[in-house]
Amino acid sequence: IFDSSPLQGAKPLSSLTNHGRVSRERHFFKQAVLAAYDDRCFISGCALPQMLVASHIKPYSQCRSEADRVSPDNGICLNTFYDKAFDRGLITITPSMKIYVSPIILDSPQDAFTARWLASLDGMVFPPPRFPPRRELLEYHNDEIFRRVT
């Protein structure tokens, strides 16, 4: 049995992570991504600040360097609905700014909401933002996150 007390050699959580640094990284990332997209969702154009998310293209937990975690070119400004779909691999965005919708959505019966707000995006191309995402990170999302099978 593992004893996690400091007396047994385990380090306290505060020595393993610097919560202030992580908080500053996340704040910088959000501000930089939202600014790159003029405080609008890339897909819907929503400008309601309470609904906007600086979504990581390559998930934060998968980034091996601070540069990838905080770089605005690893982010896309999305509203909370599209952020969730993007994070779950239900939609992806290619380096040419084309959106693909997962077969999980396209090959299943759809209600009117899903048809309008998700399925209808398949194949749409959007103009790139002022500071476009890094190509290899979009390719990572396409290869590793996007769900291609039903």
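If you read the sequence from its start, that first residue is 1, and numbering goes on from there. This is a predicted model, so every value here is computed, not measured.
Across all their heavy atoms, P72 and F28 have their closest contact at CD-CE2, 4.4 Å. Closest of all the heavy-atom pairs between L52 and C41 is CD2-N, 3.7 Å.
Counting only N and O atoms by type, the side chains of T114 and D111 include a donor and acceptor under 3.5 Å apart.
The CG atom of L121 sits 10.0 Å away from the CG atom of L106 when rounded to the nearest 0.5 Å. Atom CZ in R69 sits 10.5 Å away from atom OG in S61 (nearest 0.5 Å). Interatomic distance, OG of S120 versus CD of Q110, reported as 9.0 Å (0.5 Å rounding). Atom SG of C63 and atom CD of E25 lie 10.0 Å apart (nearest 0.5 Å).
I145 belongs to a hydrophobic cluster whose other members, connected by ILVMFWY side-chain contacts under 4.5 Å either directly or through intermediates, are Y140.
Linking ILVMFWY side-chain heavy atoms closer than 4.5 Å, directly or via other members, places L118 and L78 in a single hydrophobic cluster. Connection of I93 to F29 is established within a shared hydrophobic cluster, with ILVMFWY side chains joined at heavy-atom distances below 4.5 Å, either directly or through further cluster members. Note: the hydrophobic cluster containing V33 also contains F81 (ILVMFWY, side chain heavy atoms under 4.5 Å, direct or indirect links). Clustering ILVMFWY residues whenever any of their side-chain heavy atoms sit less than 4.5 angstrom apart, transitively, puts F126 in the very cluster that holds L137. Using a 4.5 Å cut-off between side-chain heavy atoms of Ile, Leu, Val, Met, Phe, Trp and Tyr, with links allowed through other members, L138 and F131 fall into different hydrophobic clusters.
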Distance-only donor-acceptor pairs under 3.5 Å for side chains of residues 94-105, two or more places apart:
{"from": "T94", "atom 1": "OG1", "to": "S96", "atom 2": "N", "distance (Å)": "3.4"}
{"from": "T94", "atom 1": "OG1", "to": "S96", "atom 2": "OG", "distance (Å)": "3.0"}
{"from": "T94", "atom 1": "OG1", "to": "K98", "atom 2": "N", "distance (Å)": "3.1"}
{"from": "T94", "atom 1": "OG1", "to": "K98", "atom 2": "O", "distance (Å)": "3.4"}
{"from": "K98", "atom 1": "NZ", "to": "Y100", "atom 2": "OH", "distance (Å)": "3.3"}
{"from": "S102", "atom 1": "OG", "to": "I104", "atom 2": "N", "distance (Å)": "3.1"}
{"from": "S102", "atom 1": "OG", "to": "R147", "atom 2": "O", "distance (Å)": "2.4"}

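Taking the six-membered ring wherever Trp is involved, the centroid distance between the rings of F42 and F86 does not fall below 6.0 Å.
Applying the salt bridge (Lys or Arg N to Asp or Glu O under 4.0 Å) test to E66 and every residue at least two apart in sequence or in another chain returns nothing. With sequence neighbours left out, D143 forms a side-chain hydrogen bond (donor to acceptor under 3.5 Å, both in side chains) with no residue at all. Applying the side-chain contact (heavy atoms from CB on, under 4.5 Å) criterion to R24, with sequence neighbours excluded, gives R21.
Screening residues 32-44 for side chain to side chain donor-acceptor pair (under 3.5 Å), with sequence neighbours left out, gives D38-R130, S44-N79.
The aromatic rings of Y60 and H56 sit perpendicular, their planes meeting at an angle over 60°, well past the 30° parallel limit.
Here the side chain of N74 pairs a donor or acceptor atom with the backbone of I57 at under 3.5 angstrom.
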Requested in this report: Any chance you could lay out the side-chain contact (heavy atoms from CB on, under 4.5 Å) test for Y82 and I76, step after step, and finish with the verdict?
Outcome: CA-CA 10 Å; Y82 290 130; I76 296 179; over 6 Å; no

